[in-house]
Amino acid sequence: MPTDLLAGLNPKQREAVETVDGPVLIVAGPGSGKTRVITHRIAYLVRVCGVTPYRIAAVTFTNKAAREMNLRLAPLLGQAVRDLTAGTFHSFCAMVLRRDGDSVGLDRNFAIYDDPDQIDLLKRSMTEVNVDPKHFHPRAVQSAISGAKSQLLGVEGFKDRRDSYFDEVVFRVYERYEALMTRVGTVDFDDLLMKTYLLFENFPDVADKYRNRYVHFMIDEFQDTNVAQYAIARQLSRESRNLCVVGDPDQSIYSWRNADIRNILSFQTDYPEAKVIALEENYRSTQTILNAARSVIAANTQRVEKDLWTKNGPGVPITVFEGYDEKEEAQFVIKEIANLTKDANGSVDGLYALGDIAVMYRVNAQSRALEDECLRYGVPYQVVGGLKFYLRQEVKDLTAYLRLAANPHDDVSLNRVINRPTRGIGQRTLDELMRLARDAGTSMYTAIEGLATSGDGAGIESVALAPRAIRALTDFKSLIDGLASESERLSLIELMELAVERTGYRRHLLEDDERGEERIENIQEYVNSAGDFADLEGRDALNAFLEKVSLVSDVDELEEKAELVTLITLHQAKGLEYPVVFMVGMEEKLLPHSRSMEDPSEMEEERRLCYVGLTRAKERIYLLRAFRRGLWGRSEPTLPSRFLNDIPKDLIISPVRGNSRSAASPAVRLGPARTRFANGERAPTPPVDSNSLRTGDKVRHASFGEGIVMSSSRSGADTELTVAFKEGHGVKRLLRSFAPLEKVD
DNA sequence: CGAGAATAGTTTTTT
DNA sequence: ACTATTCTCG
């Protein structure tokens, strides 16, 4: 039934779906139905062209995008979706390397080092080649190495390219870092790509295997791929030439992570026969939002002209609000959310659920003020990212034990937990152990093994270790060996629980850590998450779990919950859409960020970031800024973002504070911010309080229990209550419309 | 060796 | 302001 797959598509979309032979470049503006085109194209390949899903690979930017693709394909393909290869570039490569990585010297059970792990090993590499980490920032070296790998420059390649003293230093560290990584049997994120590339390049039979399998290869978010990723895609589609890439240069926001926008240009030279299809009709946003976005992006010079348009109506104007500081900025957001979500009775609004709303910001640190206010007023929210679950200390500690069970030669993990809880293995002992490992060219685990077999005592003067230290080390080795052998027969959950107990980690948390309870809860949550792997056995479960843990991102965890407001960075918001969007911190040095001020091309990326934010909104957008912003404990005056100036004034409406003379005198701090709209057009209607609460009323709160209303005051269109609760919950300020409050007689 | 104090560095975005 | 690392003493 080809017709139903094409029904409801506009001519361009239809063309994109039907063009299945040869290379295709789809330039897809925001909200242009890109996901729809990708899923329908895959379904078309399967159902109309008779291609089995097994022969199709589609790589996306996040696991979430992949999951969503699967979800939307399921009704079109049924069970067959399961044969499709869909995932991130990194997970695709991890799969290839698990299967065939032995050709490039990889153990099947290699671990994937995340950022902090990588920095750890890098620091060690630096000390070993006498580069002072005080003088050269490990972070800077890491970024240089990562940049090299993203362009497929191995140690040798980098050697020929270096042209500064810094490069010289990086080269020395890079060389040692690679040696250590090989020794401990691990790879970093960039290795996943580069090693896959090398595998395909040097082992044609392996490459052919994948080339034969993947007759169709699709890449989403192509503007954010790096050179290595594009090279792999080219290797795979060398014979078939069926490479379909989808992207939007205006939404390229990851150049700092070595994404190379030039891939789009290269694509057109590498595949001169490629068909280029532009999707320019926007189905997402109102005319007003689109106009604003367009006028912001138009100021970029390095740009392929593209004209977005929509049949949607103008909708409501954009609201621009300036608060006194980030706290007032956050309060405005909260109050506006209250207006937008209030029960329809008595309000013109009341159209939205909390899940329809997102608050977006440039840097994670900005979520703090927003969270504080949400907590204070009882607004349910979820923060995407920030303190990442998998990067939490206790989670990483347990992961380290698991990794050691899978591969005891993983030095970074070993270092992490060898003395956690304390086992009498201090820095001196560790230094000596590292020296031994280095001299023998082995992992630290093997070095301990050496100590054990040569017997403690008898004539090993070269080993400057006390018998007690040797004892402690060999005990630790037995602990790891024990976990490793148990991992063969226990279920993953059992293994994790065993690890927490047998290593003494649980006791350690309970006794020595003031946040122990909280950490144990996190561990519990972590252990529970392993339940998904229950159908796999022993080692396989462990390996699969560890891989997942290394490759998940925070957006992946994002849940579309109707009852939660989403707090998210602009970067993470890429690819998402919300009926209502608040962009906070529209200030110079924040958006655009201060680090982008010097470089014009970085400034253009900031502008694209702003464009991405604006185009996430379907119906309403609020642009906020604070007159003063706290930074490093200091509060400093700010300047409005240049991007605000680029939005035509006739698209904007600015609410002013209650009795302040004008919006332009923000320093005047007045009582509770009573919001009134300047042109009076959409002034929020005061609530009709049928069940109003007054001072002295007894109330019951869902989580705080019983309390007494101390005072109530009108705040915007809502009522702010000050309630004293019993049982040590203290005095809280709550918004009537959110607080789960009941009157008690 | 370990615990607590002093101190430095941190905040751009993340697979 | 906050935290992560380094320093100092018991």
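Remember, predicted model here, so these are calculated numbers, not experimental data. Letters A, B, ... are given to chains in the order of the sequence lines, protein chains preceding strands, and every chain is numbered from 1.
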Original post:
What's the CH2-P distance between A:Trp256 and B:dT14, to the nearest Å?
Top reply: 6 Å
Subject >> Listed partners of A:Glu326 passing side-chain contact (heavy atoms from CB on, under 4.5 Å), at least two apart >> reply: A:Glu329, A:Ala369, A:Arg629
Could you write out each protein N or O paired with an N or O of nucleotides 2-7 of chain B at a distance under 3.5 Å?
{"unit_1": "B:dG2", "atom_1": "OP1", "unit_2": "A:Gly424", "atom_2": "N", "d": "3.2"}
{"unit_1": "B:dG2", "atom_1": "OP2", "unit_2": "A:Asn419", "atom_2": "ND2", "d": "3.2"}

**OP:** Go through the structure and list residues passing side chain to side chain donor-acceptor pair (under 3.5 Å) with A:Asp132, not counting sequence neighbours.
**Re:** none
**OP:** Using atom OH of A:Tyr254 as one end and atom P of B:dT14 as the other, report the distance to the nearest whole Å.
**Re:** 6 Å
Original post:
B:dT11 P sits how many Å from A:Leu570 CG, rounded?
Top reply: 18 Å
**OP:** Could you tell me which residues satisfy side-chain contact (heavy atoms from CB on, under 4.5 Å) with A:Asn300, sequence neighbours excluded, listed by chain and number?
**Re:** A:Ile297, A:Arg303, A:Glu604, A:Arg607, A:Arg608
Original post:
Rounded to whole angstrom units, what separation is found between the CD atom of A:Glu221 and the C1' atom of B:dT15?
Top reply: 13 Å
Original post:
What nucleotide among B:dT14, B:dT10, B:dT11 has an atom nearest to a side-chain atom of A:Gln572?
Top reply: B:dT14
**OP:** Give a yes/no on whether any side-chain N or O of A:Asn364 is located under 4.0 angstrom from OP1 or OP2 of B:dT13.
**Re:** yes
Original post:
What residues, two or more places apart in sequence or in another chain, satisfy ring-ring contact (aromatic ring centres under 6.0 Å, His included) together with A:Phe582?
Top reply: A:Tyr622
**OP:** For C:dT6 and B:dT11, measure between their C1' atoms and round to the nearest Å.
**Re:** 22 Å
Original post:
Is A:Asp224 salt-bridged to A:Lys574, cutoff N-O under 4.0 Å?
Top reply: yes
**OP:** For A:Asp190, report the nucleic acid contact type (base, sugar-phosphate, nothing); a contact means any heavy atom under 4.0 Å.
**Re:** nothing
Original post:
When you measure from every atom of DNA chain B, which of residues 585-599 of chain A have a heavy atom less than 4.0 Å away?
Top reply: A:His593, A:Arg595
**OP:** Applying side chain to side chain donor-acceptor pair (under 3.5 Å), name anything that partners A:Tyr214, two or more places apart in sequence or on another chain.
**Re:** A:Thr85
Original post:
How long is the line joining CZ of A:Arg368 and C1' of C:dT3, in whole Å?
Top reply: 11 Å
Original post:
Closer to the 5' end of DNA chain B via nearest nucleotide, is it A:Glu602 or A:Leu430?
Top reply: A:Leu430
Original post:
With respect to the phosphate group of B:dT14, does any side-chain polar atom (N or O) of A:Thr569 fall under 4.0 Å of OP1 or OP2?
Top reply: yes
Original post:
Strictly by modelled atom types, are A:Gln572 and A:Thr569 linked by a side-chain donor-acceptor pair under 3.5 Å?
Top reply: yes
**OP:** Would you please name every residue forming a side chain to side chain donor-acceptor pair (under 3.5 Å) with A:Tyr174, sequence neighbours left out?
**Re:** none
Original post:
In chain order, what residues pass the ring-ring contact (aromatic ring centres under 6.0 Å, His included) check against A:His571, with sequence neighbours excluded?
Top reply: A:Tyr254, A:Trp256
Original post:
What is the distance, rounded to the nearest whole Å, between atom OH of A:Tyr361 and atom P of B:dT11?
Top reply: 16 Å
**OP:** Report yes or no: is the cationic atom of A:Arg234 (NZ for Lys, CZ for Arg) under 6.0 Å from the centre of the six-membered ring of A:Tyr230, at an angle within 45° of the ring normal?
**Re:** yes
**OP:** Looking only at side-chain atoms of A:Asp115, point me to the closest of B:dT15, B:dT10, B:dT13.
**Re:** B:dT15
Original post:
In whole Å, what is the span from the CZ atom of A:Phe189 to the C1' atom of B:dT15?
Top reply: 6 Å
**OP:** Check whether any side-chain N or O of A:Ser91 sits under 4.0 Å from OP1 or OP2 of B:dT15, and answer yes or no.
**Re:** no
Subject >> Between B:dT11 (P) and A:Arg629 (CZ): distance, integer Å >> reply: 17 Å
